[in-house]
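Notes follow once the structure below has been shown.
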Amino acid sequence: MAPNKSMTVAVAVVSVLVIGLSAVLLCGTSSGERAADQYVSELDQVMDEPKAPSVVIRCGTNEERHLNADNPVVSPGIPFGAHHTHEYVGNRSANAMSTNDSLAAATSTCEKGDLSTYYWPVLRLTDGTGHDVHAEGGGVHGNTGEVLKPRSVEIRYEGSPVSDVLPMPRFLRMITGDPSAFTSDYGPNTRARWGCSDQPGRYTTRYPLCGSATTLRTFDFGSCWDGNNTDSASHRSHVVFPLESGVCPPKTFPIPHLRVTVGYDVPAGRPFAIDSFPEELRDPATDHAMAINVMPEAQMSELVGHLNRSR
């Protein structure tokens, strides 16, 4: 029995080593450095989209540092349910315990009375020490490093290139991108768009090396609503993306297309990564964002009127 037991122990040790080596190859070293192939200098994809009228809502750059590891869209009522840290603009009260009533009663960093919340995973310099190194959503879940503050945040609502749009219903919840893209083999919900300010119209799904230019993350949300629901079990099926022609799929109706663009001044030569679920290894393709529309109905009607008149 002793030889078999020794062999079992040896196999277990080898298995641990293989798993550890795989993690290093996929995610970089244990010090937080990314694998070399996750960084690219060339933006190999092109945004080929028709022009559409738009309205920009100024919401600041999270100067108040509203951060938490909650997700009021996907994991309502569960503190630290995101297992990574999100950065917010807009509604100052957004957290795991948010309800329609609490969001409507809060204040906002956005202009024109927009009480909506817009949020996404933080970006970190992974060779530094974060404020949350011992906290859930931070170091406890493998998200180490110093959180990098955005240089810019643009909240843009666009009309449809092929038709008028209807108002978004108040309290509509939306998600774009796939936070599980790595373990899902980069499936159809993967919508990460990383870019550089000096290469407009181009993007990559990997971390871009932008030099002195601003590093950009673009989040495009679906714009075809089912006409009935403000949420769904998947948090996706009630708002989908238009067809290649720009027309909405059957039984859905066009609403304003929300695009959030976040810019960062990443210091040259320093490694960086977004927060993610531990098993996603901070893969850049897991980038995603959420939004809850809490715009007063009068403001939404005015926005839609402008988009439709400007077609």
Side-chain angles (χ1 to χ4, degrees), residues 52-57 59 70-77 81-82 86 88-120 153-160 163-179 189 191 218-242 246-261 288-308:
S54 64
V55 172
V56 172
I57 306 291
C59 295
D70 300 343
N71 192 332
V73 170
V74 177
S75 303
H86 286 131
Y88 295 74
V89 298
N91 198 292
R92 289 187 170 96
S93 72
N95 61 32
M97 309 312 294
S98 292
T99 64
N100 291 350
D101 288 344
S102 70
L103 291 169
T107 59
S108 176
T109 67
C110 296
E111 64 178 348
K112 300 179 181 177
D114 180 12
L115 298 174
S116 303
T117 180
Y118 311 91
Y119 61 102
W120 52 88
V153 176
E154 182 185 82
I155 308 297
R156 181 179 294 271
Y157 287 89
E158 297 182 347
S160 167
S163 70
D164 285 352
V165 295
L166 300 175
M168 283 183 178
R170 201 173 195 207
F171 306 117
L172 181 69
R173 285 153 167 79
M174 298 186 291
I175 180 173
T176 186
D178 186 358
N189 289 327
R191 292 186 175 273
T218 300
F219 306 106
D220 283 305
F221 289 80
S223 57
C224 298
W225 175 48
D226 69 5
N228 292 305
N229 300 294
T230 57
D231 202 358
S232 55
S234 66
H235 311 292
R236 298 178 188 273
S237 61
H238 63 299
V239 180
V240 298
F241 288 84
V247 175
C248 282
K251 299 182 180 180
T252 65
F253 307 91
I255 58 174
H257 162 213
L258 171 61
R259 170 175 285 177
V260 178
T261 305
H288 59 283
M290 282 68 55
I292 304 176
N293 171 46
V294 198
M295 229 184 249
E297 291 181 359
Q299 184 188 7
M300 177 57 69
S301 294
E302 180 181 347
L303 183 151
V304 165
H306 174 81
L307 296 178
N308 291 339

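- Contact record, I175 with R236: CG2-CG, 3.7 Å, taken as the closest heavy-atom pair.
- The two residues M300 and M295 make their nearest non-hydrogen contact at CE-SD, 3.7 Å.
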Report the C-alpha separation of E111 and I57 in whole Å, then their side-chain angles, then the decisive distance to 0.1 Å, and conclude whether the side-chain contact (heavy atoms from CB on, under 4.5 Å) test is met.
-> CA-CA 7 Å; E111 64 178 348; I57 306 291; 4.1 Å; yes
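- Two residues are said to be in side-chain contact when any heavy atoms from C-beta on lie closer than 4.5 Å; L103 and S93 meet this criterion.
- Counting all heavy atoms, side chain and backbone alike, S54 lies closest to R156 at OG-NH1, 2.6 Å.
- Proximity of a side-chain donor or acceptor of H238 to a complementary backbone N or O of R173 within less than 3.5 Å is detected.
- The two residues A52 and G159 come nearest to each other via the heavy atoms CB-O, 3.3 Å.
- Counting only heavy atoms from C-beta outward, the side chains of T99 and F171 never approach each other to under 4.5 Å.
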Could you check V260 against F221 for side-chain contact (heavy atoms from CB on, under 4.5 Å), going step by step and ending with a plain yes or no?
-> CA-CA 8 Å; V260 178; F221 289 80; 4.1 Å; yes
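- Surrounding CD of E297 are at most 12 heavy atoms belonging to other residues, nucleotides or ligands under 6.0 Å away.
- In this structure, P296 and G113 approach most closely via the heavy-atom pair CD-O, 3.2 Å.
- Rounded to the nearest 0.5 Å, atoms CG (N308) and CG (L303) are 9.5 Å apart.
- The shortest side-chain heavy-atom distance between M168 and M174 falls under the 4.5 Å cut-off.
- Using a distance-only test at 3.5 Å, with no hydrogens or angles considered, no donor-acceptor pair links the side chain of N293 to the main chain of L172.
- Judged purely by atom type and a 3.5 angstrom limit, T109 uses its side chain to pair as donor or acceptor with the backbone of G90.
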Does the side-chain contact (heavy atoms from CB on, under 4.5 Å) test come out yes or no for V89 and W120, once each step is laid out?
-> CA-CA 9 Å; V89 298; W120 52 88; 4.0 Å; yes
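- N71 places a side-chain N or O within donor-acceptor distance of the main-chain N or O of V74, the cut-off being under 3.5 Å.
- Between I155 and C110 there is no side-chain heavy-atom pair separated by less than 4.5 Å.
- A distance of 10.5 Å separates SG in C224 from CG in L166, rounded to the nearest 0.5 Å.
- Other residues, nucleotides and ligands contribute only 12 or fewer heavy atoms inside 6.0 Å of the CD atom of E302.
- Atoms NE2 and OH, on H306 and Y157 in that order, are 14.5 Å from each other to the nearest 0.5 Å.
- The nearest pair of heavy atoms linking A106 to N91 is CB-OD1, 3.3 Å.
- Aromatic ring orientation, Y119 versus Y88: parallel (interplanar angle below 30°, classes split at 30° and 60°).
- At least one side-chain heavy atom of R259 sits under 4.5 Å from a side-chain heavy atom of T218.
- Although no hydrogens or angles enter the test, the distance criterion places a donor-acceptor pair under 3.5 Å between the side chain of T176 and the main chain of D220.
- Inter-residue side-chain proximity for Y118 and V153 is flagged as unmet; no heavy-atom pair is nearer than 4.5 Å.
- Here T230 contributes atom OG1 and I292 contributes atom CD1; the two are 9.5 Å apart, rounded to the nearest 0.5 Å.
- At distances below 3.5 Å, not a single donor-acceptor pair connects side-chain atoms of D70 with backbone N or O atoms of P72.
- With hydrogens and angles disregarded, a donor-acceptor distance shorter than 3.5 Å links the side chain of S116 to the backbone of V294.
- Note on ring orientation: taking the six-membered ring where Trp is involved, the planes of H86 and H288 are perpendicular (angle over 60°, cut-offs 30° and 60°).
- A side-chain donor-acceptor contact under 3.5 Å links S108 to the backbone of D114.
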